[in-house]
A.B. asks: 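Shown below is the structure under consideration.
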Amino acid sequence: MTSERYNARDSEPRWQRQWDQKAIFASKNDDPRPKYYVLEMFPYPSGRIHIGHVRNYTLGDVLARFMRAKGFNVLHPMGWDAFGLPAENAAIERKVAPKAWTYDNIAAMKKQLQSIGLSLDWSREFATCDPSYYKHQQKMFLDMLAAGLAEREKRKLNWDPVDMTVLANEQVIDGRGWRSGAVVEQREMSQWVFKITKYSQELLDALDGLDRWPDKVRLMQRNWIGRSEGLLIRFALDQATTPAGETELKIFTTRPDTLFGAKFMAISADHPLAQAAAAKNPKLAEFIADIKKIGTAQEIIDTAEKQGFDTGIRAIHPFDPSWKLPVYVANFVLMEYGTGAIFGCPAHDQRDLDFVNKYGLGNTPVVCPEGQDPKSFVITDTAYDGDGRMINSRFLDGMTIEQAKEDVAKRLENELRGNAPVGERQVNFRLRDWGISRQRYWGCPIPIIHCPTCDVVPVPDDQLPVTLPEDVSFDKPGNALDHHPTWKHVNCPKCGGKAQRETDTMDTFVDSSWYFARFTDPWNANEPTTPAIANRMLPIDQYIGGVEHAILHLLYSRFFTRAMKATGHIDMSEPFAGMFTQGMVVHETYQKADGTYVTPAEVKIEVGGNGRRAVLMATGEDVAVGPIEKMSKSKKNTVDPDDIIETYGADVARWFMLSDSPPDRDVIWSDERVQGASRFLQRLWRLVNESAVIAKGAPAARPAAFGADALALRKAAHGALDKVSTGIERLHFNVCLAHIREFTNSLAEVLGKGGTPAPDLAWAIKEASIILVQLFAPMMPHLAEECWVVLGQQGLISEANWPQIERDLLVEDTVTLVVQVNGKKRGEITVATAAQNPEIEAAVLALDAVKLALDGKAVRKVIIVPKRIVNVVG
Ligand code: ANZ
Ligand code: ZN
């Protein structure tokens, strides 16, 4: 037995070097074994990895190592999502070139990632800012342009007149640019868009087949695509009231059943009718200018106070020529959706109700909930959007909503005005085409040349990539590419005349929409993919990342894969067969009396008679322990992965990350628990060393028969093997770790008996210790390698096959326990011998006899005497 402690600082870099030298994690494209592609969302090279990355990559790594041991050709690559704004900000603030800043960060972060002991195939590494990557992206853009999947479109955008740049909706705060503070203008500009809406229905339908995706992610995608079935209705206008003789207003509604509850019409400020009316009405023009200041962000529009302006125009109800409805310009109607115009039914739509209550237009309920008396059913502040029967609706009265919708649709479809029907069924999607133009330097250049004679001209293939110039200056606000003295001035490839390059670059979401496909053959210099290889290695069997990417990144990738299929780069539609969203790493916050935050590293936690107390180490003053929150710089509740690895080693950090909660939930970082993980690691080390001594004396051949002790240990070993195997496949890592701990206890118990074990038991101890080490190898790979040597095993454990389960050892024995409540016998329960305490506890508390005896009292404690008694203390 060794008295030496396991020394992670010595062991971890040593094994990392060995793995690296033997390139054992590099997967080969001609490997004939079945493939398994596991991928974690690649990081943005901000400069340092944070603890959330450690969790993300550890989850993927456990799976990769396990599948490798199971005999799969595992593809587990890593790269860098390297374009984006922070590099430009660094250039502005610190005068460093975006490229140098990015590649320095990559180098630093790569070192950090390597110190975690991840089984990554670094031979496939690339950064999206490598010209050898974005060259292909430019080619695919041109392919998509040719295929009608990329187009130029005029769009209204938020324009910051001081920074001279387009702002994303999130960058407009109270109508002002987030950085300049200037009042943001709406400008119509030509943008490049990807035609994702061509696939709206398909992207929606295919979600049903993604059965290894979390339901919540599929739901988020569904809502984002936002399919609505409704009716287009052409309302006639009272021509005497229209600005230029307009005769009708087209609206889109999903609730034609509520037509008899209509109180007003509303149009968007950008609607042509609003513009025409404003041209003749300065007050209206002023109102329009005013409401446009809040920008186009949906959340802002949703939460802003409803405002409207009566244009004086009157619309005529489709079922009653004498019924006139006022037409308002309203701030909650968007031009981009439906027709940019609505009829408002306040009783059944909250926005409409808020609106009428402000302008005194009243409401008439037309749907009455079942069981309500229509006579007494009134709406005041809360609209009713539930089910019911039609009331106050003439020929619709008594119908269900569905029947009324159908009835209205049929009538209006069959009614002609001019020679077109008044009503027309329509399916609308919330999903918009994907605008990819960004007025930024640090992004993939859009390979287009604008010629005054030939208009838009693609950059010829042999001139790709269009590379970013490096001699750029960030002295002026706006796009540094645009300001570059020479870069944009070129000759037109078609006519040879003077022309200009497109200076917009692509949204960085484009870069991340196909990197997973590039990983399958990053060496192909001529094509984005090698289709035969991509088709074999994709789809990704397990993709892992944060839920913050559950909508856009996944949707764009799903679209891009289809676009690559349409342009011949790949032959499938769905890139991610399995999707997993991991929880966050969270931590307590600490605040001084003056409200400033301090970091966990500056604080000492004292646990005493009065509970936990936090003390600022430097001064000894008390600090308040605040709520547990997502780690953030502003709250200072972060822990640095480097510190953790330096103090405890990567294996402890990995083990802790996996042990404390299910991977899809948040995990609370706690130093106490990390220390617990560290103690467990040392315990494993001691146990394996003790076992190794016995294993040396064990018979080489498997004994013909096993005694009771040996059999029990073998059952424990194969039981754990079975449970950990299925646990890893299901990504129930915390459960796996509980089984490993339990099995460790079984082995410790046997070893604790001391003496020289009989040959059959010695053999079982050897088998058990080998299985134990293999079980924790995916989680603590460095310790496992070290133990593998101690146990006299050949080669690297990282290359060893997963142990074979002997199924006949899995037949579960049962044991009957006496159940007591407050010391008094209330019954018995039979459980599997292998059942763990939490399972037993749950089963006992579910017994009627126990519930009865507790009589509603809370359970204070459950004491389990193994194999004999369970006592519930209430
Ligand atoms: C009358 C009505 C009555 C409506 C009622 C709702 C409830 P989704 O499900 O998102 O498709 N709408 C249509 N176009 C709009 C626009 N450009 N800006 C703002 N709102 C718009 O929602 C469709 C409903 O949203 C439509 O049905 C319309 O209001 C409104 F009790 O028509 B409804
Ligand atoms: Zn030309």
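Order of listing sets the numbers, starting from 1, for every ligand and every atom in it.
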A.B. asks: For H450 and E502: C-alpha separation, side-chain torsions, deciding distance, then whether side-chain hydrogen bond (donor to acceptor under 3.5 Å, both in side chains) applies.
C.D. replies: CA-CA 7 Å; H450 297 278; E502 170 78 60; 2.9 Å; yes
A.B. asks: Is it the case that the ring center of F141 lies less than 6.0 angstrom away from the ring center of W192?
C.D. replies: yes
A.B. asks: Could you point out which residue of F194, F559, F429, W434 forms a ring pair (Phe, Tyr, Trp, His ring centres under 6.0 Å) with Y199?
C.D. replies: F559
A.B. asks: Could you pull out every protein residue that has a heavy atom closer than 4.0 Å to ligand 1, ordered by chain and then number?
C.D. replies: S228, F252, T253, T254, R255, T258, F332, V333, L334, Y337, G340, I342, F343, C345, H348, D349, R351
A.B. asks: Keeping to distances under 2.8 Å, can you name the protein N/O/S atoms close to the Zn ion (ligand 2)?
C.D. replies: C451 SG, C454 SG, C492 SG, C495 SG
A.B. asks: Under the side-chain hydrogen bond (donor to acceptor under 3.5 Å, both in side chains) rule, what do Q403 and D407 come out as? Steps first, then yes or no, please.
C.D. replies: CA-CA 6 Å; Q403 288 165 341; D407 192 84; over 6 Å; no
A.B. asks: Show, in sequence, the C-alpha distance, side-chain angles and deciding distance for S228 and Y337, and conclude whether the side-chain hydrogen bond (donor to acceptor under 3.5 Å, both in side chains) test is met.
C.D. replies: CA-CA 11 Å; S228 315; Y337 189 72; 3.2 Å; yes
A.B. asks: Do V327 and T241 touch side chain to side chain, with heavy atoms closer than 4.5 Å?
C.D. replies: no
A.B. asks: Strictly under 6.0 Å, is that where the ring centroids of F560 and Y556 end up?
C.D. replies: no
A.B. asks: Walk me through whether N363 and H348 qualify under side-chain hydrogen bond (donor to acceptor under 3.5 Å, both in side chains).
C.D. replies: CA-CA 9 Å; N363 79 70; H348 305 291; over 6 Å; no
A.B. asks: Is the centre of the F260 ring less than 6.0 Å from the centre of the F395 ring?
C.D. replies: yes
